[in-house]
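We use all heavy atoms of the structure for the numbers below, so side chains are in, but hydrogens, waters and symmetry mates are not.
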Amino acid sequence: MQVLIVEDSERLRQALRSGLHSMGMAVDVAADGQAALAFVDSVQYDVIVLDLLMPRMDGRQLLREIRSRQLPSRVLVLSALDGVDERVNRLDDGADDYLVKPFAFEELRARILALGRRRHEQAVT
């Protein structure tokens with residue numbers, strides 16, 4: 001499975017990369033939305049794990065850009081913003097799932113795998 005982690009916290013970005021990579025996933029990382037755009041232009045990701053509050057281009061802008069390009073990647077928002085309006089707005093913007101920080105790694109792993117299955121099931125039908 002191809003996963004892109006878009007997260008401005010270097011510590012969290014590297015921890016997620018290491019944990020997902022140890023499970024056999026191919027993982028790329030980007031520190032902001034601008035850097036992530038270069039990745040999504042060249043690689044078709046199964047799942048993009050997306051923080052919202054980042055420099056240069058925030059996650060909200062990146063999510064809208066991903067959806068405007070009609071990329072088939074599933075997007076899991078991973079954010080400390082826990083308000084109902086924020087979660088609903090991001091899902092309405094095209095996110096496939098939303099997980100609030102702090103989170104359990106096992107739950108993140110399970111959600112990524114579920115989104116990856118859905119993407120591949122849709123591609124087959």
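- Distance check, rounded to the nearest 0.5 Å: CZ of Arg74 to CD1 of Ile112 gives 14.0 Å.
- The two residues Met1 and Gly116 come nearest to each other via the heavy atoms CE-CA, 3.8 Å.
- Atom CG of residue Leu20 and atom OG of residue Ser22 lie 7.5 Å apart, to the nearest 0.5 angstrom.
- Checked against salt bridge (charged side-chain N to carboxylate O under 4.0 Å, His left out), Asp97 has the following partners two or more places apart in sequence or in another chain: Arg111.
- A distance of 13.0 Å separates NE2 in His21 from CD1 in Ile5, rounded to the nearest 0.5 Å.
- The distance from atom CG of Leu76 to atom CG of Leu108, rounded to the nearest 0.5 Å, is 6.0 Å.
- With sequence neighbours excluded, the residues that form a salt bridge (charged side-chain N to carboxylate O under 4.0 Å, His left out) with Asp32 are Arg56.
- Scanning both residues, Gly33 and Met54, for their nearest heavy atoms gives N-CE, 3.9 Å.
- With rounding to the nearest 0.5 angstrom, the OG atom of Ser73 is 11.0 Å from the CG atom of Leu115.
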Quick one: side chains of residues 84-91, donor-acceptor pairs under 3.5 Å with protein atoms, not counting sequence neighbours, listed by atom name and distance.
{"residue": "Glu86", "atom": "OE1", "partner": "Arg60", "partner atom": "NH2", "Å": "3.2"}
{"residue": "Glu86", "atom": "OE1", "partner": "Arg90", "partner atom": "NH1", "Å": "3.4"}
{"residue": "Glu86", "atom": "OE2", "partner": "Arg60", "partner atom": "NE", "Å": "3.2"}
{"residue": "Glu86", "atom": "OE2", "partner": "Arg60", "partner atom": "NH2", "Å": "3.4"}
{"residue": "Glu86", "atom": "OE2", "partner": "Arg90", "partner atom": "NH1", "Å": "2.5"}
{"residue": "Arg87", "atom": "NH1", "partner": "Asp82", "partner atom": "O", "Å": "2.4"}
{"residue": "Asn89", "atom": "ND2", "partner": "Asp85", "partner atom": "O", "Å": "3.1"}
{"residue": "Arg90", "atom": "NE", "partner": "Asp93", "partner atom": "OD2", "Å": "3.1"}
{"residue": "Arg90", "atom": "NH2", "partner": "Asp93", "partner atom": "OD2", "Å": "2.8"}

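- In this structure, Met25 and Asp46 have side chains that are not in contact, with every pair of non-hydrogen atoms separated by 4.5 Å or more.
- Not a single side-chain hydrogen bond (donor to acceptor under 3.5 Å, both in side chains) links Asp92 to another residue, sequence neighbours left out.
- Residues passing the side-chain hydrogen bond (donor to acceptor under 3.5 Å, both in side chains) test with Glu106 are Arg109, sequence neighbours excluded.
- The closest side-chain heavy-atom distance from Ile48 to Leu62 is not below 4.5 Å.
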Walk me through it: do Asp28 and Tyr45 pass the test side-chain contact (heavy atoms from CB on, under 4.5 Å)?
CA-CA 9 Å; Asp28 290 323; Tyr45 292 97; 2.5 Å; yes
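- Comment: Asp96 engages Arg67 in a salt bridge, judged by a side-chain N to carboxylate O separation of less than 4.0 angstrom.
- Looking at every heavy atom in both residues, Tyr98 comes nearest to Leu81 through OH-O, 2.5 Å.
- Side-chain contact between Val43 and Leu4 is absent, with no heavy-atom pair separated by less than 4.5 Å.
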Side-chain atoms of residues 11-18: list all donor-acceptor pairs with protein atoms under 3.5 Å, sequence neighbours left out, distances to 0.1 Å.
{"residue": "Arg13", "atom": "NH1", "partner": "Glu7", "partner atom": "O", "Å": "2.7"}
{"residue": "Arg13", "atom": "NH1", "partner": "Asp8", "partner atom": "O", "Å": "3.4"}
{"residue": "Arg13", "atom": "NH2", "partner": "Glu10", "partner atom": "OE1", "Å": "3.4"}

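- Ile66 contributes atom CD1, which lies 7.5 Å from atom CG of Leu37 (distance to the nearest 0.5 angstrom).
- In plain terms, the two heavy atoms of Ala95 and Val77 that are nearest each other are CB-CG2, 3.8 Å.
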